Amino acid sequence: MDQTHASSPLAGAVHDLATEVVLALRSGDHLATVCGAAGIDEENRTGIAAARVIGADLLLPSVLYGRHPHPGDVAVLDRAVREFPPKPDAPAATAWSHWHMISTLQRMAQPSPGTAAPGTYAEPDAAWLEEAPWQAFTHQLSVLAPLAVPAAPSAVQRAAANRAVDLSRGFVRAVRRLDWLQAAGAGRWLAAIGGEPATLGLERGLDFVELMGGDDPRVTLHVRAARLMAEARAR
């Protein structure tokens, strides 16, 4: 692990988890354990915090390939939900991420032995997205990129579908600003919802984003997810 990734134990764990998700997305191996490969289990406090950062993308290979997730990954995500609930004054994006982790667990897997199913958590408000300037809208959607998956409808997804042109503008702006993580998140949303202008050249744009931002496995994760969803839409 290089110095950038080792700047803190949490940053290193996030890097390792994202890298293992990317490897699972590339291989399509739904039996591989993302957390186990990164040396993380449900008793690893730093690893649990890293899983909270990665969010529901911890189970993304299973979501996109339609297969059962590894029980160890389910246990870690379940623990992250319980250990790090949003505070009452948490940002809207944090509340939405928590909601999506719970809904993903309920949709994809049974709880690990000895644990109860996650409690219900009402879908947060998303009205603020409807009036957000396109720049802020793109930023918030990129933070919520894990919600950009098929068969997971939400108010955030509907807002994205209604503002595909604004999201396209934000994608271009992020590329020009060399913000590769934001560009990758916006591109993932566009691949999930469609509706972007044909002149955007999303496929080539994503190739460029991955080339320039590929040192960050979170960028590669979003780009790979975008490609898989675009391929599924084209079939």
Side-chain angles (χ1 to χ4, degrees), residues 1 5-25 30-65 67-124 140 142-149 152 154 156 181 185 188 216-222 224-225:
M1 188 180 300
H5 300 145
S7 58
S8 73
L10 177 58
V14 169
H15 178 271
D16 291 348
L17 274 180
T19 298
E20 294 302 332
V21 172
V22 170
L23 291 174
L25 288 174
H30 64 291
L31 295 178
T33 166
V34 169
C35 295
I40 292 171
D41 60 31
E42 57 186 308
E43 302 303 322
N44 183 318
R45 180 73 176 178
T46 300
I48 297 300
R52 178 63 188 85
V53 174
I54 296 294
D57 274 346
L58 197 66
L59 305 186
L60 184 62
S62 296
V63 170
L64 293 184
Y65 287 111
R67 299 165 180 169
H68 293 297
H70 192 281
D73 296 339
V74 172
V76 169
L77 187 61
D78 178 80
R79 184 68 179 270
V81 165
R82 300 174 191 282
E83 290 287 323
F84 298 100
K87 297 178 180 178
D89 60 347
T94 300
W96 271 105
S97 175
H98 189 73
W99 173 86
H100 184 53
M101 288 193 294
I102 290 175
S103 64
T104 300
L105 282 168
Q106 292 175 336
R107 187 174 73 253
M108 293 297 298
Q110 297 296 319
S112 58
T115 65
T120 58
Y121 184 70
E123 184 174 292
Q140 291 297 325
S142 68
V143 172
L144 293 172
L147 276 75
V149 291
S154 68
V156 173
L181 185 57
R188 175 173 168 176
D216 185 343
R218 296 172 300 168
V219 171
T220 307
L221 188 162
H222 291 324
R224 180 61 185 168

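Just so you know, residue 1 is the first one in the sequence shown, and it goes up from there. Every value quoted in this text rests on a predicted model; they were computed, and no experiment measured them.
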Enquirer: Of the non-hydrogen atoms in Phe84 and His98, which two are nearest, and what is the gap between them?
Expert: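 What the structure gives for the nearest pair is O-ND1, 3.9 Å.
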
Enquirer: Please find the pair of heavy atoms, one from Ser154 and one from Trp96, that lie closest to each other, and give the distance.
Expert: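 Answer, listing the atom of Ser154 first, then Trp96: CB-CZ3, 3.9 Å.
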
Enquirer: What distance do Glu123 atom CD and Ile102 atom CD1 have between them, rounded to the nearest 0.5 Å?
Expert: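 The distance works out to 12.5 Å.
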
Enquirer: Quick check for you: to the nearest 0.5 Å, what is the distance between Leu25 atom CG and Leu64 atom CG?
Expert: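 Answer for the CG-CG pair, Leu25 versus Leu64, is 6.0 Å.
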
Enquirer: Does the Asp73 side chain pair with the main chain of Val34, one donor and one acceptor, at a distance under 3.5 Å?
Expert: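 The answer is yes, because a donor-acceptor pair under 3.5 Å joins these two groups.
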
Enquirer: Any sub-3.5 Å donor-acceptor pair from His222's side-chain atoms to Ala145's backbone N or O?
Expert: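 Checking the backbone N and O of Ala145 against the side chain of His222, no donor-acceptor pair under 3.5 Å is found.
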
Enquirer: Measure from the side-chain N and O atoms of Ser97 to the backbone N and O of Ala93, and report whether any donor-acceptor pair falls under 3.5 Å.
Expert: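 No, because the side chain of Ser97 does not come within donor-acceptor range (under 3.5 Å) of the backbone of Ala93.
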
Enquirer: Can you spot which of Val74, Val76, Leu77 makes a side chain to side chain contact (heavy atoms under 4.5 Å, CB included) with Cys35?
Expert: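 For Cys35, the side chain to side chain contact (heavy atoms under 4.5 Å, CB included) test succeeds with only one of Val74, Val76, Leu77, which is Val76.
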
Enquirer: Looking at every non-hydrogen atom in both residues, tell me the closest pair between Met108 and Arg67 and how far apart they are.
Expert: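 Looks like CE-O, 3.5 Å.
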
Enquirer: Report yes if the side chains of Arg107 and Val63 come closer than 4.5 Å at any heavy-atom pair, otherwise no.
Expert: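 In contact.
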
Enquirer: Would a distance-only check, ignoring hydrogens and angles, find a side-chain to backbone donor-acceptor pair under 3.5 Å from Asp78 to Val81?
Expert: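 Judged by distance alone, no pair lies under 3.5 Å.
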
Enquirer: Does any part of the side chain of His100, heavy atoms only, come nearer than 4.5 Å to the side chain of Pro146, both counted from C-beta?
Expert: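 Yes. Closest side-chain heavy atoms under 4.5 Å.
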
Enquirer: Any heavy-atom pair between the side chains of Arg188 and Leu221 that's under 4.5 Å?
Expert: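 When only atoms from C-beta onward are counted, Arg188 and Leu221 do touch, with a gap below 4.5 Å.
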
Enquirer: I need the Ile40 CD1 to Glu20 CD distance, nearest 0.5 Å.
Expert: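 Spacing of CD1 (Ile40) from CD (Glu20) equals 9.0 Å.
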
Enquirer: For Arg52 and Thr94, work out which heavy atoms get closest and say how close.
Expert: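 Arg52 and Thr94 have their closest heavy atoms at NH2-O, 3.3 Å.
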
Enquirer: So which atom in Ala24 and which in Tyr65 form the shortest heavy-atom distance, rounded to 0.1 Å?
Expert: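 Nearest pair, atom of Ala24 first, then Tyr65: O-CE1, 4.1 Å.
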
Enquirer: Before you tell me yes or no, could you show the steps for Arg218 and Leu17 under side-chain contact (heavy atoms from CB on, under 4.5 Å), namely the whole-Å CA-CA distance, both residues' side-chain angles and the distance that decides it to 0.1 Å?
Expert: CA-CA 9 Å; Arg218 296 172 300 168; Leu17 274 180; over 6 Å; no

Enquirer: Where is the tightest heavy-atom contact between Ala56 and Thr104, given as atom of each residue plus distance?
Expert: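 That closest heavy-atom pairing would be CB-OG1, 3.5 Å.
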
Enquirer: Roughly how far, to the nearest 0.5 Å, is CG of Leu10 from CD1 of Ile48?
Expert: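 With rounding to 0.5 Å, CD1 (Ile48) is 12.0 Å from CG (Leu10).
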
Enquirer: Give, for atom CE of Met101 and atom CG of Asp57, the distance between the pair rounded to the nearest 0.5 Å.
Expert: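 Between Met101 CE and Asp57 CG, I get 11.0 Å after rounding to 0.5 Å.
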
